[in-house]
Each structure stands twice: as structure tokens, then as C-alpha cells.
Amino acid sequence: MTTVPSTEKLNKFERFKAEKDGLAVIGQLEEFAQIGWESIDETDRDQRLKWLGIFFRPVTPGKFMLRMRMPNGILTSQQMRTLAEVTQKYGEEGNADITTRQNLQLRGIRLEDIPQIFQRFQQVGLTSIQSGMDNVRNITGSPVAGIDGAELIDTRPLVQATQDMITNSGQGNPEFTNLPRKFNIAIAGSRDNSVHAEINDIAYVPAYKDSILGFNVLVGGFFSGKRCEAAIPLDAWIEPNDCVSLSRAILEVYRDHGLRANRQKSRLMWLIDEWGVELFRASVEKQLGQRLPEAAPKDEFDWDKRDHIGVYQQKQAGLNYVGLHIPVGRLYAPDMFELARLAQVYGDGEIRLTVEQNAILANIPDSRLEALLAEPLLEKFSINPDPLSRALVSCTGSQFCKFALIETKNRANAMIAELSQELTLEKPVRIHWTGCPNSCGQPQVADIGLMGTKTRKDGKTVEAVDIFMGGKVGKDAQLGEKVMKAIPCEDLKTVLRNLLMEQFGAGPKPGYRPAS
Ligand code: SRM
Ligand code: SF4
């Protein structure tokens with residue numbers, strides 16, 4: 001079980017975790033619903049509720065955010081309908097965002113409704129447990145697992161089994177609710193690294209050893225305001241069935257030995273730095289009770305990354321998957337009902353989410369494709385968006401997040417719409433917005449990454465961005481670097497236009513005339 005340092009050394013987060021486990025608030029939900037958000041103990045309200053996926057939002061007090069778990073980014077139409085019904089209740093204040101971890105977050109949620117919402121989640125197999133704070137976040141897997149003709153390993157059962165181990169099948173698992181910090185796991189099953197494996201604390205990457213297909217293991221990838229690192233090889237190879245036990249062993253080593261004194265230096269990589277990767281590996285082997293075979297000489301990432309937008313034949317004859325572009329991942333209740341309906345009417349009800357904040361409808365028979373493509377929702381969520389919007393990603397930003405230094409989602413959409421009118425482009429350019437250095441919008445994996453900051457212009461403080469470039473995804477992924485600092489957002493469109501023309505082959509759109 002968890003061993004934590006003596007109380008004198010504890011920072012305030014370690015102290016409140018040691019006093020009362022985050023999961024303990026499960027038993028208080030009815031009471032919280034009755035007394036209302038203003039009367040709840042502040043640490044329970046602002047911190048511990050996050051262990052259940054319930055986030056107090058200082059920007060919208062009283063209207064909470066609910067972060068789900070979507071193993072491998074997959075949900076059913078019934079689950080989507082349930083989430084739509086929850087969101088619909090809150091009218092204009094309700095919406096949902098597809099996140100950069102293939103997940104959904106609902107907004108506008110009132111605490112008094114939580115007990116009933118959780119009952120409904122249970123009925124349809126949904127959970128939000130352990131999705132925030134010092135827990136393992138949504139586990140990502142190939143978004144086309146099980147339906148991709150070129151897939152190497154079906155990641156779905158592995159992701160589900162790992163989530164079940166960590167959360168006690170959604171009931172909550174105190175074994176893993178007091179980690180030193182958040183923790184990310186990704187399981188890649190295809191050749192295109194569709195989950196950004198390299199930015200996770202543990203990443204499983206397909207690799208053959210002696211003709212057996214398994215995974216090479218990477219550890220320690222993370223982004224934070226203080227430091228960003230790509231994951232490094234553990235020099236270990238495992239068969240797929242060992243994924244769960246290895247994840248458990250790594251988590252136990254991290255839980256029991258991870259650095260807890262300074263929250264800015266608590267992610268897994270800091271422990272690996274302190275110990276060296278050899279000692280870390282040996283400790284994991286000890287915890288596992290067996291030696292780990294050394295890594296296979298090469299991994300199987302050898303494609304450019306796919307975005308899955310458009311229509312694609314599945315490995316099952318006569319079936320297709322259809323990837324829809326959801327601008328910056330933002331959904332409203334009517335969109336969610338429609339997605340659920342389309343998945344049910346045209347497919348087998350399955351909806352999948354991607355780390356680019358888009359959605360895929362799976363298992364559509366050839367005979368129903370034409371009718372699906374004629375549905376009005378596909379005008380809003382296109383299968384063929386213009387190259388600039390196509391690869392746009394954005395974090396939450398100041399609309400709902402108190403850390404944000406700038407507004408992101410709405411500004412990203414507006415700026416790209418204007419640039420799309422002015423420019424032609426052959427290939428998509430991946431532009432990622434993130435509202436602050438926490439990097440939830442992953443600007444370091446983008447062709448052009450925009451990170452919110454503040455600067456002075458004409459004697460006033462204004463919203464601005466630092467610009468990152470050179471992020472490469474898919475085979476030989478690498479993190480982008482900061483190339484420009486503090487560009488005021490009001491000047492950004494011109495800077496982006498020039499970058500797109502000079503470095504990405506954009507040209508002026510014939511006939512475009514700027515408004516005078
Ligand atoms: Fe994040 C904190 C949103 C993916 C790094 N992140 C937050 C909080 C919870 C802060 C807060 O309480 O307001 C944000 C909630 C805002 C809101 O109301 O939506 C937030 N993070 C998000 C999401 C929703 C961005 C999005 O629009 O998609 C993503 C939710 C993923 C999920 O479903 O669980 C999200 N966050 C990420 C990622 C990307 C990833 O996982 O691939 C990162 C960088 C990778 C990493 O963690 O190593 C990321 N978020 C952070 C950090 C910096 C962590 C650190 O070690 O310092 C924070 C701040 C913190 O934890 O102290 C943070
Ligand atoms: Fe909030 Fe910053 Fe994360 Fe954006 S990057 S969601 S602004 S914490």
C-alpha cells in the first residue's frame with residue numbers, strides 16, 4: 001500500500017491526500033447535493049471531488065465539469081444519448097468537449113444532480129472515476145482498433161483490462177488513488193502512432209521479437225509548465241497479455257517511491273532521473289517478480305500519422321468507418337443526440353473518439369453509406385474539411401479554465417475560418433492551441449503550436465502566444481520547439497498567414513479580396 005513521507009515534509013496536496021483519500025467523497029455525494037456547493041468543505045469541493053471526475057470551476061462557480069473515462073475512446077450510442085440527456089438539461093450552459101485524451105468532458109453540471117447522474121451512468125456502463133488529480137487519466141488506444149485492416153494489435157481489451165485494474169472495474173480503487181501526481185498510459189496498436197505514445201508516462205509500442213508481436217515499453221513522457229520530455233525506452237519488451245501486470249508494477253513503484261516533496265517535480269520522469277533508468281527498471285522487475293526481456297531492436301511505427309477523417313473500408317468485408325471532423329471537439333446536446341442516432345441507424349451504435357478531438361462512426365455497411373453521407377449533421381461535422389480546419393486542436397482555454405492566459409477554442413475556430421477564406425493549401429497543417437504552459441492542447445506535437453501567454457502592447461497587457469514549430473507525429477515522432485515569443489493575439493493572423501505561405505506552401509485564394 002501507499003507509503004508517503006512524514007507529515008512535516010508534505011506539501012499541501014500530499015497533506016490533504018494523507019488526511020482523507022479522494023475516493024472517500026463517494027459516500028458524501030447525497031449530502032453535498034443537499035447542502036449545495038457553497039457549503040461544502042473547500043478541499044472536498046475543489047480537490048477531492050476530482051477523484052470522481054467532478055471538477056469545481058472557479059470560472060463558472062456552481063456549474064461543474066464532469067470528466068468521463070472512455071477506454072480506448074469508444075462509447076455506444078446509448079452512452080452518448082445518456083450524456084446528451086445530462087448535458088441537455090443545462091440548456092445553453094451545457095456542452096461537451098472531446099478531449100486530447102480521446103475522452104469527453106461535460107459542462108454546466110449542478111452538484112444536486114450528481115447522485116442521479118451517477119445512477120444513470122451505472123445503468124449504461126459509464127464512469128468518471130479517478131479521472132482527475134493524482135490518478136491515472138483516460139487510457140488511450142488506437143482509435144480504429146479492431147476495424148483497421150492494417151492493425152497490428154487490437155488495443156481495446158488491453159485498455160479496458162488496464163482501466164479495470166486501476167479503477168476496480170469502475171468502483172474505485174484506493175490502491176491507485178494516491179499517486180505522487182497525474183499519470184498517463186497509452187497503448188498503440190497500429191503503425192502510425194495514433195496516440196502520441198511518446199508523450200505518456202507509459203507507452204506500449206508494437207514491436208516484433210523472435211517473430212512474436214508484442215510491445216516495446218517507453219516510460220516517463222510528460223508535459224508540464226516546468227518541463228516537457230518525450231518518453232524514453234525502458235529497454236523492455238512484453239507480450240500483449242503482460243500489459244496489465246507491467247502497468248501495475250510500474251504504478252506501484254511510482255506510488256511507493258515517486259517524489260512527493262515538490263509537485264513541480266513529481267511526474268514519473270523525475271524519479272527516473274533521480275534513480276537512472278537501469279535502477280528504475282530493476283525496481284519494476286522486483287515488483288513484478290520476474291525479469292523483463294530486453295527491448296526488440298526496432299518498433300513497428302513506420303507510417304505517417306493518419307487523422308481518420310473521411311470514409312475508410314474496415315477489415316470486415318462490406319463495413320466502413322466514417323471519421324467526422326468536430327471543430328475543436330466542441331459538442332452541444334443536439335449534436336450528441338444526432339451522433340448517437342446516426343451511429344445507431346447506420347452502424348452498430350459504436351462511436352469512437354480521437355486524440356485530435358474528432359469522432360468516428362464505426363461498422364457502417366456499404367449499403368447505408370450513401371444515406372449516412374447525406375445526413376445534415378455531416379454538413380456541420382464534415383468528412384472532408386478544408387486542410388486548415390482539418391487538423392486544428394485546442395484545449396479548453398479561459399472560457400472554463402482558471403489557468404488559461406488566453407481564450408482558445410472560439411478564437412482558434414474564428415482565426416482558421418478567416419485564414420481558410422484567404423489561403424489555399426494542399427496538405428493539412430496541424431495547428432494546436434493551448435491556453436497556458438500546462439500544454440493540455442499539446443502544442444509540442446503540432447506543425448504550429450500556439451501557447452497562451454500575456455504581453456504588453458501599446459502600454460496595455462494583452463493576450464498573446466508563444467509559437468512552437470517542428471513537432472513531428474507518427475514515425476520518428478519528435479517534440480516541437482519554441483521559435484517565437486509573445487505574439488499578441490491581435491497580430492497573430494498575419495504571423496500565421498506568413499508562416500503558412502513561407503513554410504507550408506500556402507498560396508492566396510484566387511478571387512479573395514480582403515474586406516476594406
Ligand atoms: Fe490538462 C490540468 C484540461 C489533457 C497537462 N487540464 C488541467 C485542468 C484539469 C486544470 C483545471 O483544473 O482547470 C484542465 C481542465 C480545464 C477544463 O475545464 O476543461 C485540463 N487537459 C485538459 C483537457 C480537457 C484539454 C482538452 O481540451 O482536451 C484534456 C483532458 C484529457 C482527459 O480526457 O483526461 C487535457 N493535460 C492534457 C494533456 C495532454 C495529454 O494527456 O496527452 C497534458 C500534457 C501531457 C501530460 O500530462 O503529461 C495535460 N493538464 C496538464 C497539466 C500539467 C501537468 C504537470 O505535470 O504539471 C495540468 C496542471 C496540473 O495537473 O497541475 C493540467
Ligand atoms: Fe487550462 Fe492551460 Fe490546460 Fe488549457 S493548457 S486546459 S488553459 S490548464
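Whatever order the structure lists ligands and atoms in, that order sets their numbers, starting from 1. Numbers here are sequence positions counted from 1.
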**Request:** Let me know which of F400, F32, W37 forms a ring-ring contact (aromatic ring centres under 6.0 Å, His included) with F56.
**Result:** W37

**Message:** Under 4.0 Å, counting heavy atoms only: does S439 come that close to any atom of ligand 2?
**Reply:** yes

**Request:** Applying side-chain hydrogen bond (donor to acceptor under 3.5 Å, both in side chains), run through T155 and Y204 and close with a yes or a no.
**Result:** CA-CA 10 Å; T155 56; Y204 294 100; over 6 Å; no

**Complete:** The atoms of ligand 1 lying under 4.0 Å from a heavy atom of C401, numbered in the order shown, are 13 (O), 16 (C)

**Top protein contact for atom 5 (S) of ligand 2, by heavy-atom distance** = T434 OG1, 3.2 Å

**Complete:** atom 46 (C) of ligand 1: closest protein heavy atom, distance to 0.1 Å, is N184 ND2, 3.3 Å

**Asked** Does S394 come within less than 4.0 Å of ligand 1, judged by its heavy atoms?
**Response** yes

**Message:** Closer than 4.0 Å to some heavy atom of F403 - which atoms of ligand 2 meet that?
**Reply:** 8 (S)

**Prompt:** Can you tell which of R181, R67, K182 gets a heavy atom nearest to atom 51 (C) of ligand 1?
**Reply:** K182

**Request:** Just let me know how C440 lines up against ligand 2, side chain, backbone, both or neither, with a heavy-atom cut-off below 4.0 Å.
**Result:** both

**Request:** Anything under 30° is parallel, anything over 60° is perpendicular, the rest tilted; go ahead and classify H432 against H196.
**Result:** perpendicular

**Asked** Please state which protein non-hydrogen atom is closest to atom 1 (Fe) of ligand 2 and give its distance, to 0.1 Å?
**Response** C401 SG, 2.3 Å

**Request:** Can you sort out which atoms of ligand 1 are near S439, meaning under 4.0 Å from one of its heavy atoms?
**Result:** 43 (C), 44 (C)

**Protein heavy-atom partner closest to atom 28 (O) of ligand 1 - residue, atom, separation in Å** = T100 N, 2.8 Å

**Fill in**
the protein heavy atom lying closest to atom 56 (O) of ligand 1 turns out to be R267 NH1, 2.8 Å

**Prompt:** Any idea which atoms of ligand 2 are less than 4.0 Å away from a heavy-atom of A404?
**Reply:** 7 (S)

**Request:** Could you check atom 2 (Fe) of ligand 2 against the protein and tell me its nearest heavy-atom contact, residue, atom and distance included?
**Result:** C436 SG, 2.3 Å

**Asked** Of the protein's non-hydrogen atoms, which lies at the shortest distance from atom 41 (O) of ligand 1, and what is that distance?
**Response** R101 NH1, 2.9 Å

**Fill in**
Looking only at non-hydrogen atoms, the one of R57, Q47, Q399 nearest atom 11 (C) of ligand 1 is R57

**Message:** Return the closest protein heavy atom for atom 57 (O) of ligand 1 as residue, atom name and distance.
**Reply:** S224 CB, 3.1 Å

**Fill in**
shortest atom 35 (C) of ligand 1-to-protein heavy-atom contact is with C440 CB, 3.6 Å

**Prompt:** Any idea which protein heavy atom is nearest atom 24 (C) of ligand 1, and the distance to it?
**Reply:** Q105 OE1, 3.1 Å

**Prompt:** atom 53 (C) of ligand 1: which protein heavy atom is closest, and how many Å away?
**Reply:** N438 OD1, 3.5 Å

**Item:** Nearest protein heavy atom with distance in Å, relative to atom 4 (Fe) of ligand 2
**Value:** C395 SG, 2.3 Å

**Message:** Under 4.0 Å from a heavy atom of N438: which atoms of ligand 2 are those, numbered in the order shown and with their elements?
**Reply:** 8 (S)

**Request:** Can you figure out which of Q102, H196, R107 has its heavy atom closest to atom 19 (O) of ligand 1?
**Result:** R107

